[in-house]
Amino acid sequence: MKYDFKSIETKWQGRWEAEKPFAAINGDTRPKYYILVEFPYPSGDGLHMGHPRPYTAMDIVARKKRMQGYNVLFPIGFDAFGLPTENYAIQNKIHPAVVTKNNTAKFTEQLKMLGYSFDWDRCVDTTDPNYYKWTQWIFLKLFEHDLAYKALIPVNWCTSCKCVLANEEVVDGVCERCGADVVRREKSQWLLRITKYAEALNDDLDTVDFVERVKVQQRNWIGRSVGAEVDFKTTTGDVIRVFTTRQDTLYGATYMVISPEHSLLNKWTIENEQEVKDYQAAAAKKSDFERTELVKEKTGVEVKGIRAINPVTNSEIPIYISDYVLATYGTGAIMAVPGHDTRDWEFAKKYNLPIIEVVSGGDVAKEAYVDCDTGTMVNSGMIDGLNVDDAKVKITKWLTEQGLGEEKVNFKLRDWVFSRQKYWGEPIPIVICGKCGYVPLPESQLPLVLPEVEKYETTETGESPLAAMTQWTTTTCPKCGGEAQRETDTMPNWAGSSWYFLRYADPHNDTALASRDALNYWTPVDWYNGGMEHTTLHLLYSRFWHKFLYNIGIVPTSEPYMKRTSHGFILGEDGQKMSKSRGNVINPDNTVREYGADTARLYIMFIGDFEKTAPWSQSAVKGCKKFLDRVWNLAEIKVDGRSTSISDVSAEHETVIHRAVKKVGSDIESLKYNTAIATLMSLVNDFYVAAPNRAELKVLLTMLSPFAPHIAEELWELQGFEGYVSQQPWPEYDEAKTHDENVTIAVQIMGKLRGTIEAPLDCDDETLIDMVKKDSKIKANIESKEIIRTIIVKNKLVNLIVK
RNA sequence: GCCGCUGUGGUGGAAUAGGUAGACACAAGGGACUUAAAAUCCCUCGGGAGCAAUCCUGUGCCGGUUCAAGUCCGGCCAGCGGUACCA
């Protein structure tokens, strides 16, 4: 009989659906293991190859963990709020909820087609009011704890989406989604104070097992830097406070620069007022992108008539305004040390300002001496002769004593802009009352359900489509009972995904986001795998929400995820990133149809290093199909024999089987799925040289089942083994049996390979050298030479050094 | 610019901790079976020399450490990702 993958896969998927062998059980006595994959955004295009890679990998882990006796939670859901759905709805005049329903149905079908062992009863959908009730509830808690606030801020405005974007959604000055220009605009927006958690988000990375590149990227994004704030008095009697990480170079500060938006500019009487005003106006007109684009040439204007006083030299220094100083970082003002900062140096050259060397070792006449940590302080009064570190300590102490400044830690991280002027998102549960201000909706009124609207488009003024629904927006103030308006902004699609993993623990709870018992049992997530592109967005946002929920006593741990790994992209066959415009998108449907889900799963794991990008190759898929054909042909006919325990493997196959069990097991844990599959292929190749007995076949099918679950179940049944192969214990290996009695020893002379010999395992050195010397080939090589040294690596290698 | 990662056959990729480079596949070539094709099975497959056993050479480039370097160190080059006037 031929390997009929189609009927086999349909059969087992039906059985799994009916009998639910992969259901997670709350409060079970087995040890729990919570494996999480990033739930998909259900786009109209269906799954592409980017989805099955992480899903298959974690499915393999989930299946193996179950076989090892864990109560595994491996859930899936849909992150369904978002712009593409809304745009599709606008274009086709279909309600976004209907679009979402269709898309999730398609995704569900495709995910089931691939044979994933998800617990489908726990499926969540962020657009379900029963779900977003709790997203809104968390928002109310954030508001209650002063972590949500509304402020007039310059926002990134996408000219095409007509929508406010988070900084994270602006890429190279254009909208991440549609590629249109992004400009700056003042708008009243909801923000979340993620900056309050900057320190904890940074420091607690030390407590979790995230792959290093994720930690590095998060740390860079949070951007912690330690320095000092220093006060500079001015001739007007005002004080300009600056932030610097180089307080040691204070004696070299020969001028100051403040941002064009600095508040003191409004207060001062400036001699060249018009010139300053013109510069401010020009800077305000520029978008963030334009401001950073002009990196090469720095511009600025001196604020004439007012001077600052360097607190250590007491000399008067000029003040400039320039847009290379950002209003949003530090204090919006800097002390300029042209001798030791590249930007200050360029600016000083251009405007003919003095450059003073305060750390020796460079040539400040030629260029700024920046990497000067090893230098010695010069021209620096009280800190002359000290090294940089000591100088920092001493000057900071002095500044603090004089009341002129103090040590200060700054972060690049900014508050999270949380408003969107869009329809397809969670309504923000706030009422705006003329008398009481922003009033939270009482919990009893949640969920605040999205109203039906006539038009989904953002209004011309940039307000949410909800703003046009006056019937809905007009309400009464929960506090004073007077007439009030509902907030019409909605939440960004990062909201629902910031806590979804908690809901999986108890997805049908209608009195809490999840019961405390369920959270105590399942959280934290043991292993979370996802894309690098979410490192500074979703991953950071959800850590923030989780820390907040921990602080208010909702969740039992301060970090949501114990372990985070990250997979590489699957590229198109042309080696380019898959995209519709390139026309190189590959979806799993065709491969599954032509070769079956098991082959598709195998190939996507065999393709290469899980953590790196890898190009798809349709022709290489066949290799995996061939492998399954070979397995089928090997095991289709019932193999006789009563013994089925691993202790009953033949002497012939003993070593290779114990080795394979060891290798496949450890490879799954360390993301090396490609070599795990290679090991299985080798084992099958060995079985073609000498046929396996019943015990050996059993081990093979058990190990194969996480990778290719359908064929494994079918062959298991054909062989007459009991139950589901996916519910068998994972095979155990015996370390002693992973070695042969004999080992091949490489023999080198002067470090060059000259041959190999067979020697008994753990052979003692003398016997080994003796054997080497007797080997005819080696003998010829060392004739008439004297062995002056021998190096032996046990069971591996002998190296003879001769003269 | 800064931070991180990567560079190995025609291709995807292997190579615990420095210890036989190229596992496992794909593609290609040759052969068996077949009327033929598909499928299957067997052989070859980094480069060079040789009938051959064998020898030389080879992991982006240059140098170093070591008995021994794809692996460690220093300096380059190229590609990918992140970030960007962050003081």
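Quick note on labels: first sequence line is chain A, next is B, and so on, each numbered from 1. Note that the structure is a prediction, hence the values are computed from the model and not measured.
Residues passing the salt bridge (charged side-chain N to carboxylate O under 4.0 Å, His left out) test with Lys350(A), sequence neighbours excluded: Glu297(A).
Nucleotides A28(B) and U34(B), compared at atom C1', are 23 Å apart to the nearest Å. On the P atoms, G9(B) is 12 Å away from G46(B), given to the nearest whole Å. When the C1' atom is compared between C26(B) and A78(B), the two are found 27 Å apart, to the nearest whole Å. Between A15(B) and A23(B), the two P atoms lie 12 Å apart (nearest whole Å). As rounded to the nearest Å, U20(B) and G12(B) have P atoms that lie 24 Å from one another. Taking atom C1' in both A21(B) and U59(B), the straight-line distance is 7 Å, to the nearest Å. Comparing the same atom, C1', in A53(B) and in C67(B) gives a spacing of 28 Å after rounding to whole Å. The gap from the C1' atom of C33(B) to that of A38(B) amounts to 13 Å, rounded to the nearest Å.
Taking atom CD1 of residue Ile258(A) and atom P of nucleotide A87(B), one finds them 19 Å apart after rounding to whole Å. For the pair Lys752(A) NZ and A21(B) P, the computed distance is 11 Å after rounding to whole Å. Remark: P of C41(B) and CG of Leu634(A) are 12 Å apart, rounded to the nearest angstrom. Between the P atom of G4(B) and the CH2 atom of Trp221(A) lies a distance of 18 Å, rounded to the nearest Å. As rounded to whole Å, 13 Å separates atom C1' of A69(B) from atom CG of Asn799(A). Following rounding to the nearest Å, Asn220(A) (CG) and C2(B) (C1') show an atom-to-atom distance of 9 Å. Distance Ile604(A) CD1 to G12(B) C1': 14 Å, rounded to the nearest Å. When rounded to the nearest whole Å, the span between NZ of Lys577(A) and P of G79(B) equals 18 Å.
Residue-level contact check: Asn633(A) touches neither bases nor backbone, having no heavy atom under 4.0 Å from any strand. Across all strands shown, Lys672(A) has heavy atoms under 4.0 Å from sugar-phosphate atoms exclusively, and none from any base. Here Ile607(A) lies in heavy-atom contact (under 4.0 Å) with sugar-phosphate atoms only. Counting non-hydrogen atoms under 4.0 angstrom, Thr328(A) reaches nothing in the nucleic acid. Within the 4.0 angstrom heavy-atom criterion, base atoms lie near Gln748(A). Within 4.0 Å of Thr613(A), counting heavy atoms only, lie sugar-phosphate atoms of the nucleic acid but no base atom.
A side-chain contact (heavy atoms from CB on, under 4.5 Å) with Val226(A) holds for exactly one of Lys408(A), Lys392(A), Glu407(A); it is Glu407(A).
Applying the 6.0 Å contact sphere to NZ of Lys794(A) captures more than 12 heavy atoms from other residues, nucleotides or ligands. Summarising the local packing, NZ of Lys196(A) is surrounded by 12 or fewer heavy atoms from other residues, nucleotides or ligands at distances under 6.0 Å. Counting non-hydrogen atoms of neighbouring residues, nucleotides and ligands closer than 6.0 angstrom, the CG atom of Asp206(A) exceeds 12 such neighbours.
Residue Ser617(A) has no polar side-chain atom (N or O) positioned under 4.0 Å from OP1 or OP2 of U11(B). OP1 and OP2 of U20(B) both lie 4.0 Å or more from every side-chain N or O belonging to Arg754(A). Applying the 4.0 Å criterion to OP1 and OP2 of C67(B), one finds that Arg789(A) has a side-chain N or O inside that range.
With hydrogens and angles ignored, no donor-acceptor pair closer than 3.5 Å exists between the side chain of Lys612(A) and the base of C5(B).
A cation-pi contact, defined as under 6.0 Å to the ring centre and within 45° of the axis, links Lys298(A) to Tyr324(A).
Between the side chain of Gln280(A) and the main chain of Pro260(A), a donor-acceptor pair closer than 3.5 Å is present.
Annotated as syn: G9(B), whose O4'-C1'-N torsion sits within 90° of 0.
Note on ring orientation: taking the six-membered ring where Trp is involved, the planes of Tyr3(A) and Phe5(A) are perpendicular (angle over 60°, cut-offs 30° and 60°). Between Tyr320(A) and Tyr351(A), the angle of the ring planes lies from 30° to 60°, which puts this pair in the tilted group.
If you check C85(B), C3(B), U20(B) against the side chain of Val216(A), the one that comes closest is C3(B).
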Could you provide the dot-bracket string of RNA chain B, using ( ) for intrastrand pairs, [ ] for crossing pairs and | for bases paired to another strand, with Watson-Crick or G-U pairs below 3.5 Å? (((((((..(((......[....))).(((((.......))))).((((....))))..(((((..]....))))))))))))....

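When only modelled atom types and interatomic distance are considered, His567(A) and Glu611(A) share no side-chain donor-acceptor pair under 3.5 Å. When only modelled atom types and interatomic distance are considered, Thr565(A) and Asn529(A) share a side-chain donor-acceptor pair under 3.5 Å.
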Would you list the protein and nucleotides 22-25 of chain B atom pairs, both N or O, that sit under 3.5 Å from each other?
residue : atom : partner   : partner atom : Å
A25(B)  : OP1  : Asn685(A) : ND2          : 2.8

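Where Ile801(A) and Val793(A) meet RNA chain B, the nucleotide closest to each residue was compared, and Val793(A) sits on the side nearer the 5' end. Projected onto RNA chain B by closest heavy-atom contact, Leu797(A) and Ile791(A) fall at different nucleotides, the more 5' of which corresponds to Leu797(A).
Across Met532(A) and Gln217(A), no two heavy atoms sit closer than the pair CE-OE1, 3.2 Å.
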